[in-house]
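Heavy atoms only: backbone and side chains are in, while hydrogens, waters and symmetry mates are out. Numbers here simply count residues along the sequence, with the first being 1.
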Amino acid sequence: MGKRGVTVLLTVLLAVCLLGMEKIKSREAGTEPEQEENINVGAETAESTAEDEPRLVALTFDDGPHAVFTKKLLDGLKERDVKATFFLIGKSIEGKEDVVKQMAEDGHLVGSHTYNHVQLTKLPVKKACEEITMTNDAIYNVTGKIPEYIRPPFGSWDKELECAVNMTAVLWNVDPRDWQVQDTDTVVKHVLNHVENGSIILLHDVYGTSVEAAFQIVDALKEQGYTFVTVDELILD
């Protein structure tokens with residue numbers, strides 16, 4: 001190797017050494033620029049993913065149908081493009097078939113709340129099943145679909161009934177006791193203070209105060225970024 005070749009080789013080795021020393025200094029001084037940039041990007045992505053996650057809530061109504069209040073509720077929900085879940089009392093369906101039909105046509109989930117609003121666990125299994133099947137038949141005769149979900153009155157459900165009827169019991173975790181207070185502002189305040197992602201809200205569509213509360217709850221939660229779904233969507237998710 002000539003002098004020129006030796007000089008080139010030494011120059012390359014010196015450059016490599018200097019580059020290595022610069023990297024060492026960078027590590028000692030703190031995170032290297034490229035590493036810091038990657039860390040920040042990762043943090044932003046994680047934060048963005050958390051913010052983009054949908055917040056779902058289910059609005060449910062018991063004790064209907066009511067000829068006046070349920071119809072008003074259905075019209076208001078349609079205007080707001082919101083789907084809800086209705087648990088019907090079988091004996092209340094007669095004479096209000098058009099309301100139940102509108103429920104189904106608007107895309108709401110229709111379930112059972114027994115025929116006479118009875119506490120199922122206080123009945124023999126056979127009698128309890130009659131309460132459920134009579135309501136299911138009444139709903140089927142209007143909608144053409146057999147209900148798959150039931151809201152047991154008083155939240156009282158027996159595992160034995162799952163063997164007798166092929167239905168899923170749906171309870172709740174936000175209860176403003178609207179049937180008791182019958183005050184719109186009180187109901188709205190309670191729900192907004194307790195709702196969170198995955199909440200199932202219990203209301204009753206047989207009170208005008210509850211229907212008005214439902215509209216205010218929907219408007220407020222939509223502004224907060226919540227999406228309203230039927231309970232089957234919430235349970236399946």
Side-chain angles (χ1 to χ4, degrees), residues 54-66 69-78 80-90 92-93 96 99-100 102-115 117 119-120 132 135-136 139 143 145-157 167-182 184 186-222 226-237:
R55 292 193 291 175
L56 306 180
V57 63
L59 199 57
T60 68
F61 297 92
D62 288 5
D63 292 0
H66 188 280
F69 298 134
T70 304
K71 180 67 169 63
K72 179 181 179 182
L73 175 61
L74 291 173
D75 292 342
L77 293 177
K78 188 172 185 178
R80 292 165 171 79
D81 192 24
V82 165
K83 301 297 185 292
T85 303
F86 291 84
F87 294 104
L88 308 183
I89 293 178
S92 296
I93 293 176
K96 308 177 193 73
V99 177
V100 178
Q102 182 182 345
M103 261 179 218
E105 290 179 346
D106 287 352
H108 302 292
L109 183 66
V110 182
S112 171
H113 198 43
T114 75
Y115 199 82
H117 199 277
Q119 187 169 338
L120 295 171
I132 297 170
T135 306
N136 288 353
I139 293 173
T143 67
K145 184 177 181 180
I146 298 176
E148 300 178 13
Y149 297 87
I150 181 171
R151 165 71 54 74
F154 314 105
S156 184
W157 182 252
M167 300 187 75
T168 301
V170 178
L171 301 182
W172 59 88
N173 47 35
V174 178
D175 180 9
R177 300 181 72 82
D178 60 319
W179 60 271
Q180 184 177 49
V181 300
Q182 293 191 40
T184 297
T186 301
V187 172
V188 172
K189 183 177 180 181
H190 179 95
V191 172
L192 297 184
N193 284 340
H194 291 83
V195 72
E196 59 185 19
N197 186 29
S199 288
I200 298 177
I201 302 168
L202 170 61
L203 294 173
H204 299 77
D205 53 318
V206 294
Y207 304 104
T209 51
S210 297
V211 171
E212 179 57 36
F215 295 153
Q216 293 186 28
I217 290 166
V218 167
D219 294 342
L221 292 183
K222 272 195 164 186
Y226 280 93
T227 298
F228 287 86
V229 297
T230 52
V231 292
D232 55 334
E233 296 177 84
L234 202 58
I235 292 172
L236 292 176
D237 286 345

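When only modelled atom types and interatomic distance are considered, Thr227 and Arg55 share no side-chain donor-acceptor pair under 3.5 Å. A donor and an acceptor atom, one from each side chain of Glu196 and Asn173, are nowhere located under 3.5 Å apart. Inspection of the Asp205 and His66 side chains reveals no N or O donor paired with an N or O acceptor under 3.5 Å. Looking only at atom types and distance, the side chain of Thr209 has no donor-acceptor partner in the side chain of Glu212 under 3.5 Å away.
Between the side chain of Thr168 and the backbone N or O of Tyr149, no donor-acceptor pair lies under 3.5 Å. Under the 3.5 Å distance criterion, the side-chain polar atoms of Thr85 are left unmatched by any main-chain donor or acceptor of Thr230. The main-chain N or O of Asp178 is never found under 3.5 Å from a side-chain atom of His204 such that the two would form a donor-acceptor pair. The backbone N or O of Val170 sits less than 3.5 Å from a side-chain atom of Arg151, completing a donor-acceptor pair. Of the possible donor and acceptor atoms, none in the side chain of Asp106 sits under 3.5 Å from a partner among the backbone N and O of His108.
Within 6.0 Å of NZ in Lys222 there are more than 12 heavy atoms belonging to other residues, nucleotides or ligands. Heavy-atom contacts from other residues, nucleotides or ligands closer than 6.0 Å to CG of Asp81 number 12 or fewer. Atom NZ of Lys83 has more than 12 neighbouring heavy atoms from other residues, nucleotides or ligands inside a 6.0 Å radius.
Residues Glu105 and Thr143 form no side-chain contact, since every pair of their non-hydrogen atoms from C-beta on lies 4.5 Å or further apart. Annotation: side chain of His113 is not in contact with side chain of Ile150 (no heavy-atom distance under 4.5 Å).
Each of Phe154, Phe87, Trp179 was evaluated against His117; a single residue qualifies, Phe154, per the ring pair (Phe, Tyr, Trp, His ring centres under 6.0 Å) test.
From Thr114, atom OG1 reaches atom CD1 of Ile132 across 8.0 Å, with rounding to the nearest 0.5 Å. Here the CD1 atom belonging to Ile89 is positioned 8.5 Å from the OG1 atom belonging to Thr135, to the nearest 0.5 angstrom. To the nearest 0.5 Å, the span separating CD1 on Ile201 from CG on Asp175 amounts to 11.0 Å. Expressed to the nearest 0.5 Å, how far CG of Asp63 lies from OG of Ser92 amounts to 8.0 Å. Here the CZ-CD distance, from Phe228 to Glu233, works out to 13.0 Å after rounding to the nearest 0.5 Å. Here OG of Ser210 is found 6.0 Å from CG of Leu203. Values are rounded to the nearest 0.5 Å.
Here the closest heavy-atom approach between residue Leu234 and residue Ser199 is recorded as CD2-O, 3.7 Å. Residues Pro54 and Asn197 share a closest heavy-atom pair of O-OD1, 3.8 Å. The minimum heavy-atom distance between Ile93 and Ile139, with the atom names listed, is CD1-CG1, 3.7 Å. When all heavy atoms of Pro152 and Leu120 are compared, the closest pair comes out as CB-CD1, 4.4 Å. Ala213 and Val187 make their closest contact through CB-CG1, 3.7 Å (heavy atoms, listed as atom of the first residue, atom of the second, distance). Nearest heavy atoms, Pro147 versus Gly111: CB-CA, 4.1 Å.
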For this session: Please assess Gln102 against Lys71 for the test side chain to side chain contact (heavy atoms under 4.5 Å, CB included), listing each intermediate value before the final yes or no.
Result: CA-CA 8 Å; Gln102 182 182 345; Lys71 180 67 169 63; 3.2 Å; yes
Exercise. Would Trp172 and Val174 satisfy side chain to side chain contact (heavy atoms under 4.5 Å, CB included), going step by step from the backbone distance to the final call?
Worked result: CA-CA 6 Å; Trp172 59 88; Val174 178; over 6 Å; no
For this session: Determine, step by step, whether Leu88 and Val110 satisfy the side chain to side chain contact (heavy atoms under 4.5 Å, CB included) criterion, reporting the C-alpha distance in whole Å, the side-chain angles of both residues, the deciding distance to 0.1 Å, and the verdict.
Result: CA-CA 7 Å; Leu88 308 183; Val110 182; 3.6 Å; yes
For this session: Please assess Phe215 against Arg80 for the test side chain to side chain contact (heavy atoms under 4.5 Å, CB included), listing each intermediate value before the final yes or no.
Result: CA-CA 9 Å; Phe215 295 153; Arg80 292 165 171 79; 3.6 Å; yes
